[in-house]
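Contents: one structure, followed by commentary.
Every chain is numbered from 1, with letters handed out A, B, ... down the list of sequences.
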There are 2 protein chains.
Amino acid sequence: MASVTLKDVAKVAGVSYATVSRAVSGSPEISEDTRRRILKLCKEMGYTPNSIARSMVKRCTNILGLIVPSLNNPFMSELTADLEIYARNRGYNLMVCNSSYDHDLELEVFSLLIGRQVDGVIMIPVGHEPYESLSALTGQVPTVFISENMQNYPENYVSVDNYRGMQIATEYLYSLGHREILYFGARSDSKTHELRLDGYLSSCKKLGLEPHVLRSSYSRSSREVGYTLASDYFSRPHSETAILCAADMLAIGVKQAAYEAGIRIPKDISLMGFDNISFSALPEIDLTTINQPTQQMATSAVDMLLDHIRNPEAAHGQLILPPALIERRSCRPIKS
Amino acid sequence: MASVTLKDVAKVAGVSYATVSRAVSGSPEISEDTRRRILKLCKEMGYTPNSIARSMVKRCTNILGLIVPSLNNPFMSELTADLEIYARNRGYNLMVCNSSYDHDLELEVFSLLIGRQVDGVIMIPVGHEPYESLSALTGQVPTVFISENMQNYPENYVSVDNYRGMQIATEYLYSLGHREILYFGARSDSKTHELRLDGYLSSCKKLGLEPHVLRSSYSRSSREVGYTLASDYFSRPHSETAILCAADMLAIGVKQAAYEAGIRIPKDISLMGFDNISFSALPEIDLTTINQPTQQMATSAVDMLLDHIRNPEAAHGQLILPPALIERRSCRPIKS
DNA sequence: TAAAATAACTTAAACGTTTACAGTGTTGTT
DNA sequence: AACAACACTGTAAACGTTTAAGTTATTTTA
């Protein structure tokens, strides 16, 4: 597996290895004749540039780090796929790390990526980070967050407008006639979730509804968490006609619990999510939800990061993308 | 963002930078006193070893490449998560590339990863690869495939026993009384699929059933493909009492088509999948299927790859893991 | 036609580590 | 007391590139 280097090619070509380097890297200060000759030779000899050595001298690796809390959540894995494809098209590879919804691990892999000399980091934070521990890291490498968790920090981030999204959701349920809407699965360790909750609360206020909030003490919004919380909820008396979930995965868990409790959706109770993961479109799930423009979030995050790598002195950018209502059949109108 | 190097630490500590290197890398030939003193200084000065430079001289990067056809498929994304976590625990980071079910792109990113000097590659191939194009690449870097597509090639691979898995599935449906079983979504460009189909065919022969095979001309087994094929199937006369799908995602697409065609599962027709993706456990999907032991596949693939990196002369390893029936409620018994 | 500019190439230093080898001082052995 | 053995530390080369500076040959300019 010993690979052929510039020197090997240079020896055969009878030129200095600087010349080979110039031929390969497309420098202008070389004649077309020799370039062609050398490039042909490179191909014959099976020369592949060693990007490690190149990184060494160029002081950049063309590698981006990506930190995600999970890949089992389709929202995250679809976002990851979009990020990887777009970054690759822009000449960067992705080093992916799973933080497993663990704050400490998140910081640990961040350090690890810095040691790896990545040119930048894209992070979907687990929750609301204490700024001190994080800024020590973001100070070392250009970073873009996908989340509003960094809202009040001087950091780059892209996000959907979570606040507005939940307003849209609440208003939609109201327009169907729902007056008692349960906000399901509020996490207090995440700015994103805080904003979603605030969106709901503000709409309640505006529409004259009394807020009903079911909080979650878990640090992730998985199907299992939704199932657990909802099983408990359904086992006790409740008056709400609609459940507005903080995330689609929660709603899927709620659906499962509802099914087991003999509660039909949307006949007995309406259900809404947030994220619009691909599975929500299945006829068996058929979940009305709020769309996050994942593809646009991915491209924007990469663009923002590359801009910041090129110009580290630039001001931090915040990009808030518009959410959209995706109407399916998990909600039904109420006659009051 | 200029980082502090060995030299900087050495200057402050008043020692040669070889000594610092030894302190950091845990070499035995250094006194405990100086080690402690230097390590403390490193921490104070915020020294992070440059793994690029280390890779340069050590001739290994501790990076593994991973090539997956897609991350939108939960089977792949869960596998990816397991691979990443396990590899990281063994000291390796993962560079993930999406081949988007594209044969040419698959080879392209493989070359790219080789240029990146990854120590090894794990690949979930799109389908049955022509050996010539691939061996030129696998000859350059230790590689492990997760798939039986490489069965007759001298390559490392781990896989579930696809043949046996489909036998189990067919026998199960037979035991429920099904005598006309449609094998759905057979791909001819994949050894894995070929083995699954062969498993079905062998069971048919053994049980005295006439095989019914619906072939797919698509190179991926997605929900969309399942939906498209099934919509067509349901629109025409059919006599089968059970559909055995080549993959869970196909079955989910079939379910959607059945729903739209007014066909109830399992009342009107039984449905089975293969893979046991997490969504198949949802009560709304509730798909009887064959389990692939993803976690074990992930750890075995990493172990196999690291073994092969350490000992490149070792014989190629093939690991076939046992499948298991996961009984849910998408199949019902038939009275004949 | 001589000087200046340009083109094409070579030389050598640099990037930040690791490590073989050499050097120094201390301890142990006889 | 002399020498070997040992523990520690320093020196310098190496890894495979890029690129500034230097060299030579050729072309342009006045």
Side-chain angles (χ1 to χ4, degrees), chain A residues 1-39 41-42 45-63 91 112 114-119 140-141, chain B residues 1-39 41-42 45-63 91 112 114-119 140-141:
Chain A
M1 311 234 170
S3 47
V4 19
T5 72
L6 276 190
K7 254 178 195 156
D8 300 328
V9 179
K11 203 171 290 173
V12 177
V15 296
S16 77
Y17 54 91
T19 304
V20 181
S21 169
R22 278 192 263 264
V24 172
S25 60
S27 155
E29 38 184 85
I30 186 175
S31 73
E32 268 312 310
D33 275 6
T34 30
R35 153 162 297 142
R36 255 194 299 276
R37 188 167 64 88
I38 289 174
L39 251 37
L41 196 59
C42 284
M45 300 179 65
Y47 167 72
T48 323
N50 182 326
S51 59
I52 294 291
R54 178 177 290 177
S55 297
M56 189 83 230
V57 28
K58 285 223 160 185
R59 318 191 60 63
C60 72
T61 53
N62 278 41
I63 298 175
L112 201 141
I114 290 173
R116 287 278 187 199
Q117 313 297 119
V118 297
D119 292 342
Q140 292 181 63
V141 65
Chain B
M1 313 240 166
S3 46
V4 19
T5 72
L6 276 189
K7 256 179 193 156
D8 300 326
V9 179
K11 204 171 287 173
V12 177
V15 296
S16 76
Y17 55 93
T19 304
V20 182
S21 168
R22 280 191 265 260
V24 172
S25 60
S27 155
E29 38 183 80
I30 187 175
S31 74
E32 268 312 310
D33 275 5
T34 32
R35 155 163 297 143
R36 255 195 298 275
R37 189 167 63 88
I38 288 174
L39 251 36
L41 197 60
C42 283
M45 300 179 65
Y47 167 72
T48 324
N50 183 325
S51 59
I52 294 292
R54 178 176 290 177
S55 297
M56 189 84 231
V57 30
K58 285 221 157 183
R59 319 190 60 64
C60 71
T61 53
N62 279 43
I63 298 175
L112 201 141
I114 290 173
R116 287 277 187 199
Q117 313 298 120
V118 297
D119 291 342
Q140 292 181 63
V141 66

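For A:A18, whose side chain is taken as the heavy atoms from C-beta onward, the closest listed nucleotide among D:dT17, C:dA12, C:dG16 is C:dA12. Across C:dT10, C:dT17, D:dT17, the shortest atom-to-atom separation from the side chain of A:T5 is found for D:dT17. Checking D:dT19, C:dT18, C:dG16 against the side-chain heavy atoms of A:K58 singles out D:dT19 as nearest.
If you check distances only, the side chain of B:R22 does reach the base of D:dG10 with a donor-acceptor pair under 3.5 Å.
In this structure a side-chain-to-backbone donor-acceptor pair under 3.5 Å is missing from B:R22 to B:R35. One N or O on the side chain of A:S25 and one on the backbone of A:S21 form a donor-acceptor pair closer than 3.5 Å. Using a distance-only test at 3.5 Å, with no hydrogens or angles considered, a donor-acceptor pair links the side chain of B:S55 to the main chain of B:S51.
For B:T19, a side-chain nitrogen or oxygen approaches OP1 or OP2 of D:dG10 to under 4.0 Å. Regarding contacts with the backbone of C:dG16, every side-chain N or O of B:S21 stays at 4.0 angstrom or more from both OP1 and OP2. The phosphate of D:dG16 has OP1 or OP2 within less than 4.0 Å of a side-chain N or O from B:R59. In terms of phosphate contacts, B:S31 brings a side-chain nitrogen or oxygen within less than 4.0 Å of OP1 or OP2 of D:dT9. Listed pair A:S16 / C:dT10 meets the phosphate criterion, a side-chain N or O lying under 4.0 Å from OP1 or OP2. Remark: B:Y17 is not in phosphate contact with C:dC15, judged by side-chain N or O atoms under 4.0 Å from OP1 or OP2. Phosphate contact (OP1/OP2 of C:dT17, side-chain N/O of B:S51, threshold under 4.0 Å): absent.
In this structure, CD1 in A:I38 is found 11.0 Å from OH in A:Y47, a value given to the nearest 0.5 Å. Separation of atoms OG1 (A:T34) and CG (A:L41) is listed at 12.5 Å; rounding is to 0.5 Å.
Along DNA chain C, the nucleotide nearest B:P49 and the nucleotide nearest A:E32 are compared for position; the residue whose nucleotide lies closer to the 5' end is A:E32.
In this structure, B:N50 atom CG and C:dG16 atom C1' are separated by 6 Å, rounded to whole Å. The separation between B:K11 atom NZ and C:dG16 atom P is 12 Å, rounded to whole Å. B:D33 has its CG atom 19 Å from the P atom of C:dG25, to the nearest Å. Atom CG in A:D8 sits roughly 13 Å away from atom C1' in D:dT17 (whole-Å rounding). The distance from atom CZ of A:R37 to atom P of C:dA8 is 14 Å, rounded to the nearest whole Å. Between the CD1 atom of B:I52 and the P atom of C:dG16 there is a distance of 12 Å, given to the nearest Å. The NZ atom of A:K7 sits 13 Å away from the C1' atom of C:dT11 (whole-angstrom rounding). Following rounding to the nearest Å, B:M56 (CE) and C:dT19 (P) show an atom-to-atom distance of 14 Å.
Here the rule is side chain to side chain contact (heavy atoms under 4.5 Å, CB included) with A:R116, and of B:I52, B:N62, B:N50, B:T48 only B:N62 fits it.
Using a 4.0 Å heavy-atom criterion, one finds that A:I30 contacts the sugar-phosphate atoms exclusively. Among the protein residues, B:S27 comes within range of no part of the nucleic acid, since none of its heavy atoms lies under 4.0 Å from any strand. Heavy atoms of A:S55 sit nowhere under 4.0 angstrom from any nucleic acid atom.
Between B:Y17 and B:D8, the closest side-chain pair of non-hydrogen atoms is not below 4.5 Å. A heavy-atom distance below 4.5 Å is not found between the side chains of A:S3 and B:Q140.
Taken over five-pair windows at either terminus, the axes of the helix from C:dT1-D:dA30 to C:dT30-D:dA1 are inclined to one another by 50° (rounded to 10 degrees).
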